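In this text the structure is predicted, and so the values were computed from the model without any measurement. All chains are named by letter (A, B, ...) in the order of the sequence lines, taking the proteins before the strands, and each is independently numbered beginning at 1.
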There are 2 protein chains.
Amino acid sequence: MNTSYQYPRPALTVDCVVFGIGASDAATRKLQVLLIQRDLPPFKNAWALPGGFVRINESLDQAAARELREETGLSKVYLEQFHTFGDPQRDPREHVVSVAHFALVNLFDHKVLAATDARDADWFDADQTPKLAFDHQLILTSAWQRLQQAVRQRPIGFELLPREFTLTQLQQLYEVILNQSLDKRNFRKKLLAMELLIDTQRKQTGVAHRAAKLYRFDRTKYQRLQKAGFHFEL
Amino acid sequence: MNTSYQYPRPALTVDCVVFGIGASDAATRKLQVLLIQRDLPPFKNAWALPGGFVRINESLDQAAARELREETGLSKVYLEQFHTFGDPQRDPREHVVSVAHFALVNLFDHKVLAATDARDADWFDADQTPKLAFDHQLILTSAWQRLQQAVRQRPIGFELLPREFTLTQLQQLYEVILNQSLDKRNFRKKLLAMELLIDTQRKQTGVAHRAAKLYRFDRTKYQRLQKAGFHFEL
DNA sequence: CCAAAAGTGTTTGAGCTACACCCATGG
DNA sequence: CCATGGGTGTAGCTCAAACACTTTTGG
């Protein structure tokens with residue numbers, strides 16, 4: 001490691017791939033991604049991932065959270081770094097290296113969201129976005145793959161649901177992210193066998209059919225088990 | 001994404017955690033890591049991971065490969081980015097963000113290696129290194145964890161072995177990386193069942209006991225199967 | 001009473017685990 | 001002929017996959 005202070009430096013940014021699951025419409029069974037419309041060149045008017053420059057004395061996670069807040073109004077969402085993109089040609093202006101994160105947003109509580117200050121932000125089906133700026137299509141695809149992997153190995157899917165949820169909601173979440181259908185009985189058996197879901201003794205309301213039980217994820221217990229070597233799987 | 005060209009930028013580096021398996025001494029059943037001794041402050045004389053600044057118009061992988069070559073003489077090794085470390089305090093001089101990679105070196109062929117130009121480089125047991133500079137202990141620990149994960153899910157362990165190897169060598173490799181012993185019969189059954197090892201019809205030489213069969217990993221077949229949805233596991 | 005989703009068990013087969021002895025080779 | 005690692009099979013068990021009907025509720 002040289003002391004090459006004199007060398008020009010690549011710029012450093014963070015980008016966020018914000019995922020959400022359609023709340024109200026049970027028909028919108030697609031993974032959603034939040035994009036913003038650029039108002040400056042390059043790629044003026046194109047849709048892009050929220051993101052921006054990392055400031056001095058700011059950690060990467062802080063930078064990602066800050067940019068997300070500034071550009072979309074979202075805060076306190078689950079954020080996880082997954083890859084750093086450094087192709088010198090990825091930004092036409094100059095060499096810009098971007099640390100990409102994925103974010104998981106609970107659309108049931110954050111309701112409409114786009115009503116914040118983000119007039120230029122909108123949700124799209126993750127597999128049917130418009131043409132994206134820079135290499136953001138690559139970043140998006142890569143984020144989805146990593147999310148699929150992550151959601152099988154760690155209980156982070158719950159970040160996309162309200163605190164209390166039904167097993168069907170949970171199953172649909174997995175189906176949407178993994179892009180495959182799952183067997184209802186086997187899914188429930190497996191999840192309940194982990195004993196990480198707390199039966200709240202409460203029921204779904206406002207549905208025109210038999211109301212489902214509501215569960216909560218037991219974070220505390222998970223952390224305890226994890227330390228004892230337990231490994232969440234699918 | 002603002003056009004904040006005027007803002008000061010964090011510096012950007014790559015660091016490499018170079019892993020190898022002891023070749024000759026069958027007793028040195030420890031995962032090895034390659035460190036270099038710093039000859040400049042800060043942390044002068046401390047041991048550190050090889051690495052250095054990313055240059056303009058150089059990709060991250062290129063930068064990692066270049067630094068590795070410059071500082072250790074190694075080239076054509078397997079390199080994989082695994083995490084980016086950006087704590088503003090991780091370098092006492094200023095804000096330096098580092099894209100960390102792990103590298104896998106075949107010590108059977110690269111023999112003594114340290115004989116290149118790297119007078120200040122040496123191998124250590126990965127779990128018994130001296131105190132390291134910066135946050136390099138954290139990076140090393142993190143790299144090992146990611147390697148354990150990676151080696152179970154993708155056939156990259158072969159990068160640590162010569163082109164032709166015995167099943168015992170392969171098993172010991174997994175045992176050293178995963179830090180646990182494996183059942184000989186079950187291990188062989190599983191690996192051979194994948195049908196990704198080619199029996200070279202040749203035998204180990206120069207050993208004072210029954211000579212073991214030599215195998216090669218069938219990369220071509222693996223790539224074919226992979227495209228068809230096959231997933232390497234353990 | 002009808003529509004819609006919730007909830008529930010069993011059978012089958014694949015694959016993992018545990019386990020011990022004979023074989024080939026060089027010295 | 002001895003020491004050293006190479007090489008092999010099986011039984012039991014666990015767990016994943018496949019699969020269909022009854023229950024509850026609101027409208």
Side-chain angles (χ1 to χ4, degrees), chain A residues 21-29 108 152-153 161 164-176 178 180-216 229-234, chain B residues 21-29 108 152-153 161 164-176 178 180-216 229-234:
Chain A
I21 304 276
S24 45
D25 46 348
T28 309
R29 287 292 159 239
F108 295 82
R152 285 174 180 280
Q153 293 169 5
L161 293 178
E164 302 192 349
F165 52 84
T166 69
L167 288 178
T168 299
Q169 286 176 331
L170 186 60
Q171 181 178 343
Q172 285 171 343
L173 180 152
Y174 275 93
E175 290 180 335
V176 163
L178 300 177
Q180 64 175 340
S181 54
L182 302 170
D183 181 89
K184 182 161 61 156
R185 279 175 289 191
N186 293 336
F187 180 82
R188 295 160 100 94
K189 221 181 308 170
K190 186 146 184 179
L191 270 271
L192 292 174
M194 290 184 196
E195 300 189 298
L196 285 171
L197 299 185
I198 300 170
D199 183 345
T200 65
Q201 309 288 6
R202 291 157 35 73
K203 298 255 176 147
Q204 210 178 20
T205 56
V207 288
H209 54 77
R210 178 172 178 180
K213 283 184 176 181
L214 289 169
Y215 292 88
R216 270 191 301 116
F230 169 82
H231 187 60
F232 183 93
E233 182 81 36
L234 217 160
Chain B
I21 305 274
S24 43
D25 45 347
T28 308
R29 286 293 160 236
F108 296 81
R152 286 173 179 280
Q153 294 169 3
L161 293 178
E164 302 192 347
F165 52 84
T166 69
L167 288 179
T168 300
Q169 286 175 330
L170 187 59
Q171 180 178 344
Q172 285 171 343
L173 181 152
Y174 276 93
E175 290 180 334
V176 163
L178 300 177
Q180 64 175 333
S181 52
L182 303 170
D183 181 271
K184 180 161 63 158
R185 277 175 290 192
N186 293 338
F187 179 83
R188 294 159 101 91
K189 220 181 309 170
K190 185 147 186 179
L191 271 265
L192 292 173
M194 291 186 195
E195 299 190 300
L196 285 171
L197 299 185
I198 301 169
D199 183 345
T200 65
Q201 310 287 6
R202 293 160 30 76
K203 298 257 179 145
Q204 210 180 19
T205 54
V207 288
H209 53 77
R210 179 173 177 178
K213 283 185 174 180
L214 289 169
Y215 292 88
R216 268 191 301 117
F230 169 82
H231 186 62
F232 182 92
E233 182 80 35
L234 217 165

Residues that [X] engages under side-chain hydrogen bond (donor to acceptor under 3.5 Å, both in side chains), provided they are two or more places apart:
X	result
A:Glu164	A:Arg202
A:Gln169	none
A:Gln171	A:Glu175

Next item on the list: Runs of at least three consecutive Watson-Crick or G-U pairs, both distances under 3.5 Å, are what I'm after; which ones involve DNA chain D?
Entry: C:1-27 with D:1-27

Notebook entry, point to check: Is a side-chain donor or acceptor of B:Thr200 paired with a backbone partner of B:Leu214 at a separation under 3.5 angstrom?
Noted result: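 Such a contact is found between B:Thr200 side chain and B:Leu214 backbone.
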
Notebook entry, point to check: Counting N and O atoms only, with roles assigned by atom type, does the side chain of B:Gln204 sit under 3.5 Å from a partner on the main chain of B:Ala211, one being a donor and the other an acceptor?
Noted result: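 No, because the side chain of B:Gln204 does not come within donor-acceptor range (under 3.5 Å) of the backbone of B:Ala211.
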
Note to self: Could you check whether any side-chain heavy atom of B:Gln153 comes within less than 4.5 Å of a side-chain heavy atom of B:Phe232, counting everything from C-beta outward?
What the structure shows: no

Notebook entry, point to check: Heavy atom of residues 180-197 of chain B under 4.0 Å from DNA chain C: which residues?
Noted result: B:Asp183, B:Arg185, B:Asn186, B:Lys189, B:Lys190

Checklist line | Residues in side-chain contact (heavy atoms from CB on, under 4.5 Å) contact with B:Gln180, at least two apart in sequence or another chain | finding: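 With neighbours one apart ignored, the set is B:Arg152, B:Leu178, B:Leu182.
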
Item checked: ring-ring contact (aromatic ring centres under 6.0 Å, His included) partners of B:Phe165, counting only residues at least two apart ->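 So B:Phe165 forms a ring-ring contact (aromatic ring centres under 6.0 Å, His included) with B:Phe158.
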
Check: Could you give the CD-to-C1' distance, from A:Gln204 to D:dT24, as a whole number of Å?
Finding: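 Value for this atom pair: 12 Å.
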
Item checked: Sugar-phosphate, base or nothing in reach of A:Thr168, heavy atoms under 4.0 Å ->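 Counting heavy atoms under 4.0 Å across all strands, the contact made by A:Thr168 is with sugar-phosphate only.
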
Margin query: List the residues meeting salt bridge (Lys or Arg N to Asp or Glu O under 4.0 Å) with B:Arg210, not counting sequence neighbours, and say none if there are none.
Written below: none

Output side-chain donor-acceptor pairs under 3.5 Å for residues 183-191 of chain B, partner residues at least two apart or in another chain, one line each.
residue  : atom : partner  : partner atom : Å
B:Asp183 : OD1  : B:Arg185 : N            : 3.1
B:Asp183 : OD1  : B:Asn186 : N            : 2.9
B:Asp183 : OD1  : B:Asn186 : ND2          : 3.3
B:Asn186 : OD1  : B:Lys189 : NZ           : 3.1

Notebook entry, point to check: Going 5' to 3' along DNA chain C, which nucleotides are the first and last within contact of chain A (any atom under 4.0 Å from a heavy atom)?
Noted result: C:dA4 to C:dT10

